[in-house]
Amino acid sequence: MPDPRDRRGRRHPLSALLAAAAAAVPAGSRSLAAFGEWITDAPRWAVRTLGFAPDPLIGQMVVPHPATVRRVLARLDGDALDAAIGAFLPARAARTRKPDALRPIAVDGKTVRGSCTRTQVAISLLAAMTRSGEVLAQRQVADKSNEMPLFAPLLNGVDLTHAVITADALHTQHGHGTYLRSRGAHYIAVVKKPRRPVQPRPHPALA
């Protein structure tokens with residue numbers, strides 16, 4: 001992960017900040033400000049386990065100020081973070097997977113809960129997920145677009161060898177199928193029955 005901070009201002013390792021943010025989520029934190037507050041209140045043994053080091057002068061654990069946590073996390077490259085997590089999770093799963101076993105991967109859209117405000121529409125994401133719920137990659141859908149242009153860019157960084165891709169009917173496109181076969185993947189396409197055209201009714205006066 002690229003560190004957005006200047007080298008001279010790096011008092012706490014980025015890996016510790018990211019680990020603390022990840023640990024704060026199951027503890028109930030749902031915002032950048034809440035992440036910082038959780039780190040401040042966390043037990044010292046937990047802070048040490050997450051990667052924070054004692055101050056070399058006083059020998060005590062010193063955690064970053066909540067405002068520092070909020071600023072650092074807000075400046076992170078979201079796509080780079082998604083790519084790093086997406087590479088880490090499959091690497092762990094590969095240790096227990098049979099070499100030639102087919103891997104189901106679902107491509108699906110979702111709306112980020114709590115992202116809709118009075119001034120902002122809800123944020124939509126397109127994600128590639130394993131059967132166990134691990135997110136391998138995700139991309140934000142532009143406000144005035146849809147999921148279709150993001151299909152190939154989403155999967156470009158995912159190993160599709162021996163993978164079976166599923167998606168909703170929106171992605172049953174010739175181009176998508178050609179792309180998946182060129183990557184060595186299998187796919188299951190959903191085909192919906194076309195709607196019957198509505199026949200206009202004649203006006204009573206003209207009948």
Side-chain angles (χ1 to χ4, degrees), residues 1-4 14-15 17-27 29-30 73 76-116 120-198:
M1 268 298 300
D3 195 326
L14 181 62
S15 58
L17 291 169
L18 294 176
V25 173
S29 300
R30 292 294 182 269
L73 296 180
L76 289 176
D77 184 335
D79 290 338
L81 181 60
D82 285 339
I85 296 175
F88 170 73
L89 295 177
R92 291 190 59 187
R95 302 172 186 172
T96 58
R97 188 176 65 242
K98 296 181 179 180
D100 297 330
L102 294 177
R103 298 182 298 121
I105 297 177
V107 175
D108 195 18
K110 56 186 177 180
T111 300
V112 179
R113 183 173 57 183
S115 61
C116 182
Q120 178 179 319
V121 298
I123 297 175
S124 297
L125 300 174
L126 182 65
M129 298 170 287
T130 65
R131 182 171 55 185
S132 57
E134 297 169 345
V135 178
L136 304 179
Q138 65 181 6
R139 291 290 186 98
Q140 183 173 342
V141 181
D143 293 341
K144 297 183 179 181
S145 182
N146 56 41
E147 301 173 1
M148 287 179 56
L150 296 178
F151 187 84
L154 172 75
L155 297 173
N156 279 341
V158 179
D159 181 12
L160 300 184
T161 307
H162 299 301
V164 180
I165 309 300
T166 61
D168 58 29
L170 175 67
H171 297 289
T172 303
Q173 307 288 332
H174 178 77
H176 289 2
T178 302
Y179 166 79
L180 292 175
R181 294 306 298 144
S182 69
R183 294 285 312 280
H186 307 273
Y187 61 89
I188 299 175
V190 178
V191 180
K192 289 186 176 181
K193 183 179 180 180
R195 296 180 180 179
R196 297 179 57 185
V198 179

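Basis for what follows: all heavy atoms, side chains included, without hydrogens, waters or symmetry-related copies. Numbers for residues simply follow the sequence, beginning at 1.
Taking the six-membered ring for Trp and thresholds of 30 and 60 degrees, Phe151 and His176 have nearly parallel ring planes, at less than 30 degrees apart.
Across every non-hydrogen atom of Gln138 and Leu125, the tightest pair is OE1-CD1, 3.6 Å. In terms of heavy atoms, Met1 sits closest to Ala84 at CG-CB, 4.2 Å. Heavy-atom minimum distance, Thr172 versus Ala189: CG2-CB, 3.8 Å. Considering all non-hydrogen atoms of both residues, Pro153 and Pro149 come closest at CD-O, 3.4 Å. Summarising the geometry of Leu76 relative to Leu14, their closest heavy-atom pair is CD2-CD1, 4.0 Å, with the distance given to 0.1 Å. Across every non-hydrogen atom of Glu147 and Gly109, the tightest pair is OE2-CA, 3.3 Å.
Going from atom CG of Leu136 over to atom CG of Asp159 covers 10.0 Å, rounded to the nearest 0.5 Å. Of the inter-residue distances, the one linking Leu160 atom CG with Arg103 atom CZ reads 7.0 Å to the nearest 0.5 angstrom. His171 NE2 to Asn146 CG: the interatomic distance, rounded to the nearest 0.5 Å, is 8.0 Å. Of the inter-residue distances, the one linking Gln140 atom CD with Leu150 atom CG reads 9.5 Å to the nearest 0.5 angstrom. The line from CG of Asp108 to CG of Asp168 is 6.0 Å long, rounded to the nearest 0.5 Å. With rounding to the nearest 0.5 angstrom, the CD1 atom of Ile165 is 10.0 Å from the CD1 atom of Ile188.
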Show the numbers, then the answer: is there a side-chain contact (heavy atoms from CB on, under 4.5 Å) between Met129 and Glu134? CA-CA 5 Å; Met129 298 170 287; Glu134 297 169 345; over 6 Å; no
Between Leu155 and Val107, is the side-chain contact (heavy atoms from CB on, under 4.5 Å) condition met? List the steps. CA-CA 9 Å; Leu155 297 173; Val107 175; 4.2 Å; yes
Could you walk me through whether Val135 and Lys110 satisfy the side-chain contact (heavy atoms from CB on, under 4.5 Å) test, starting with their C-alpha distance in whole Å, then the side-chain angles of each, then the deciding distance to 0.1 Å, before giving a yes or no? CA-CA 12 Å; Val135 178; Lys110 56 186 177 180; 4.1 Å; yes
Are Val25 and Arg30 close enough, and set up right, to give a side-chain contact (heavy atoms from CB on, under 4.5 Å), and what steps lead you there? CA-CA 6 Å; Val25 173; Arg30 292 294 182 269; 3.9 Å; yes
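The side-chain heavy atoms of Pro104 and Thr130, taken from C-beta on, include no pair separated by under 4.5 Å. Contact annotation: the side chain of Val158 approaches that of Ile105 to within less than 4.5 Å [non-hydrogen atoms, C-beta and beyond]. Two residues are said to be in side-chain contact when any heavy atoms from C-beta on lie closer than 4.5 Å; Leu73 and Leu18 meet this criterion. With a 4.5 Å cut-off on side-chain heavy atoms, Arg183 and Thr178 do not count as touching. Two residues are said to be in side-chain contact when any heavy atoms from C-beta on lie closer than 4.5 Å; His162 and His186 fail this criterion.
Of the possible polar contacts, none joining the Ser145 side chain to the Ala142 backbone as a donor-acceptor pair under 3.5 Å is found.
Shown here is Leu81, whose CG atom has more than 12 heavy atoms of other residues, nucleotides or ligands within 6.0 Å.
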